[in-house]
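Computed from a prediction, not measured in an experiment: that's the story for all the values here. Note that these values count all heavy atoms, side chains included, but never hydrogens, waters or copies made by symmetry.
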Amino acid sequence: MLAVALMSQPAEAQFLKKLFKKKAKTERKTTNVADGTDDSALVAMMDVTALSDNSNNRNAFMGIPLGIMGDRFEKLLLEKGFVERSHEGKQTAKSYIYDGEVYGTRAMVTLAVSDQTGRVYAVDVADETIYNSEKAVQKRFQQLKDELRKVYGAGYVDNQGEEYTIQTQLGTINLHYERNSLMSSYSLGFALDDAKAYAMAYAEMEDKEYEAVPRKIERGLAPACNHTDLVGLGVCLLQNPTVKGAHSVLRSYDYTLGKTTSKMLSASFLMGHYTATASLARRKQSITAITLTATDDIEAVQKDLGTNGFTSDDQKIWRQGKMTAVVTTDKEGRVVLSLR
């Protein structure tokens, strides 16, 4: 989607912005509109069960709550040793881009700031290191994944293994890597938003085509995560149709392997209240059919099938080339995705 734009950009800017894909609002030109939010009342990532109202409880970057004013966020970043990036040429407005160390590696940090209120609603972090092989970038990916899990909690493998997403009731964190255009090298970084601040910023965006729709907020909290990359997992399993290949894919998706018999192998995944199971029919060492059952959102699964190139006339049976996927629900209301 961004291939043409990325080809002309320097390597450090070649990231797919998961949370603000079209462009980060890094320049503020308009006068701030008062919104009644008291910066000093905002807190960083308190236990959501300890509060009756989490309106002031915010997702955070390095202990700094999102949703505060950009200038205050900048001050707190500078106190942590970050340095504002110098820019070539004339600037028309304030830019929020910094250099510093993030989880053991030098990185460029970009703040997404609301045009109207001047509040930070998302942060993008790009490693300055350019990795010369997929093995090297995957090593750093795993290191960052472990660090982010310590801070934000468990998430799920996304985009057929190239991303890791943690979606809490306070916000979303997305770790991702990608191959640089026209080069045999890789870039890596992560983006995070605050669900409440992002919802406010979304309302003012004129062009929402490439922006994620905000989650509904109640008592200061977004809904718990109820969707993972079932389609990506299924496609990867179809592409690795052996018992050994399936084991490797399931482990890479953080599934726990279960009992393996001469006719079936199974695995399971647990993330908070979200549960998923994989049942794979086998004939000798070959996988013949895949069934994924999860407490998921059927509309989100259908959307993912379309994004992955599957087409359907009835939203139940989907096809792409020789692959067929069927989406139904069971008696317990769980989504059942069958692929062969």
Side-chain angles (χ1 to χ4, degrees), residues 1-6 15-23 155-167 172-179 191 193 195 198-199 202 205 207-216 222-241 246 249-250 252-255 269 271 274-280 287 289-330 333-340:
M1 180 175 62
L2 296 180
V4 175
L6 294 179
F15 273 96
L16 169 65
K17 300 280 194 293
K18 178 73 173 181
L19 300 177
F20 33 106
K21 295 176 183 174
K22 195 155 183 85
K23 64 175 182 177
Y156 60 92
V157 175
D158 206 352
N159 194 25
Q160 297 184 35
E162 294 185 357
E163 300 182 14
Y164 187 75
T165 298
I166 303 171
Q167 190 173 80
T172 301
I173 302 90
N174 176 261
L175 170 64
H176 49 277
Y177 73 87
E178 64 178 15
R179 184 171 180 171
D193 75 354
Y198 178 76
Y202 182 86
M205 296 175 186
D207 187 353
K208 299 180 173 66
E209 182 180 359
Y210 298 104
E211 306 290 348
V213 176
R215 292 180 286 164
K216 184 178 180 181
C225 182
N226 70 336
H227 177 58
T228 68
D229 188 31
L230 286 182
V231 174
L233 171 59
V235 169
C236 284
L237 289 169
L238 288 175
Q239 293 171 341
N240 295 271
V249 170
L250 289 165
S252 74
Y253 264 75
D254 295 338
Y255 275 62
F269 176 75
M271 179 185 63
Y274 181 93
T275 60
T277 59
S279 298
L280 282 63
I287 301 301
I290 301 160
T291 301
L292 304 174
T293 305
T295 53
D296 213 300
D297 180 343
I298 191 168
E299 292 183 358
V301 173
Q302 292 166 340
K303 182 178 179 181
D304 285 353
L305 283 165
T307 301
N308 280 270
F310 287 81
T311 58
S312 174
D313 294 327
D314 59 6
Q315 300 294 296
K316 179 180 178 181
I317 301 174
W318 297 73
R319 292 185 174 89
Q320 182 196 155
K322 295 182 179 180
M323 294 186 292
T324 299
V326 179
V327 186
T328 59
T329 56
D330 64 10
R334 297 176 300 181
V335 173
V336 180
L337 175 63
S338 302
L339 304 102
R340 62 174 63 240

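Inter-residue side-chain proximity for Val335 and Thr293 is flagged as unmet; no heavy-atom pair is nearer than 4.5 Å. The closest side-chain heavy-atom distance from Trp318 to Val327 is below 4.5 Å.
Judged purely by atom type and a 3.5 angstrom limit, Tyr198 has no side-chain atom pairing as donor or acceptor with the backbone of Arg215. Between the side chain of Asp158 and the backbone N or O of Gly161, no donor-acceptor pair lies under 3.5 Å. Of the possible polar contacts, one joining the Ser312 side chain to the Ile317 backbone as a donor-acceptor pair under 3.5 Å is found.
Across Ala246 and Leu280, no two heavy atoms sit closer than the pair CB-CD2, 3.6 Å. Nearest approach of Pro223 to Lys216, heavy atoms of both residues: CD-O, 3.2 Å. Residues Gln315 and Gln302 share a closest heavy-atom pair of O-NE2, 3.0 Å. The two residues Val157 and Ser252 have their closest heavy-atom pair at CG2-O, 3.2 Å. Here the shortest heavy-atom pairing between Gly309 and Gln320 reads O-CG, 3.5 Å. For Gly155 against Phe269, the heavy-atom pair with the smallest separation is O-CZ, 3.6 Å.
In this structure, CG in Leu292 is found 8.5 Å from OG in Ser279, a value given to the nearest 0.5 Å. Going from atom CG of Asn159 over to atom CG of Leu175 covers 11.5 Å, rounded to the nearest 0.5 Å. Here Leu238 contributes atom CG and Leu233 contributes atom CG; the two are 9.5 Å apart, rounded to the nearest 0.5 Å. Rounding to the nearest 0.5 Å places CD of Glu211 at 4.5 Å from CE of Met205. Here the CE atom belonging to Met271 is positioned 7.0 Å from the OH atom belonging to Tyr156, to the nearest 0.5 angstrom. Note: Arg334 CZ to Thr295 OG1 = 8.5 Å, rounded to the nearest 0.5 Å.
Atom NZ of Lys208 sits in a crowded spot, with more than 12 heavy atoms from other residues, nucleotides or ligands closer than 6.0 Å. Within a 6.0 Å sphere centred on CG of Asp330, other residues, nucleotides and ligands contribute more than 12 heavy atoms.
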Q | Residues Met323, Leu339; criterion side-chain contact (heavy atoms from CB on, under 4.5 Å); working and verdict | A | CA-CA 7 Å; Met323 294 186 292; Leu339 304 102; over 6 Å; no

Q. Run the side-chain contact (heavy atoms from CB on, under 4.5 Å) check on Asn308 and Gln160 step by step: do they pass?
A. CA-CA 11 Å; Asn308 280 270; Gln160 297 184 35; 3.3 Å; yes

Q. side-chain hydrogen bond (donor to acceptor under 3.5 Å, both in side chains) between Thr172 and Asn174: does it pass, once the steps are laid out?
A. CA-CA 7 Å; Thr172 301; Asn174 176 261; over 6 Å; no

Q: Mind running side-chain contact (heavy atoms from CB on, under 4.5 Å) on Val231 and Val301 for me, showing each step along the way?
A: CA-CA 7 Å; Val231 174; Val301 173; 4.1 Å; yes

Q: Start with the C-alpha distance between Thr329 and Ile298, add both sets of side-chain angles, then the distance that settles side-chain contact (heavy atoms from CB on, under 4.5 Å), and finish with yes or no.
A: CA-CA 8 Å; Thr329 56; Ile298 191 168; 3.9 Å; yes

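Sorted by first then second residue, the side-chain hydrogen bond (donor to acceptor under 3.5 Å, both in side chains) pairs that include residues 223-241, not counting sequence neighbours, are His227-Asp296, His227-Asp304, Thr228-Tyr274, Asp229-Tyr253.
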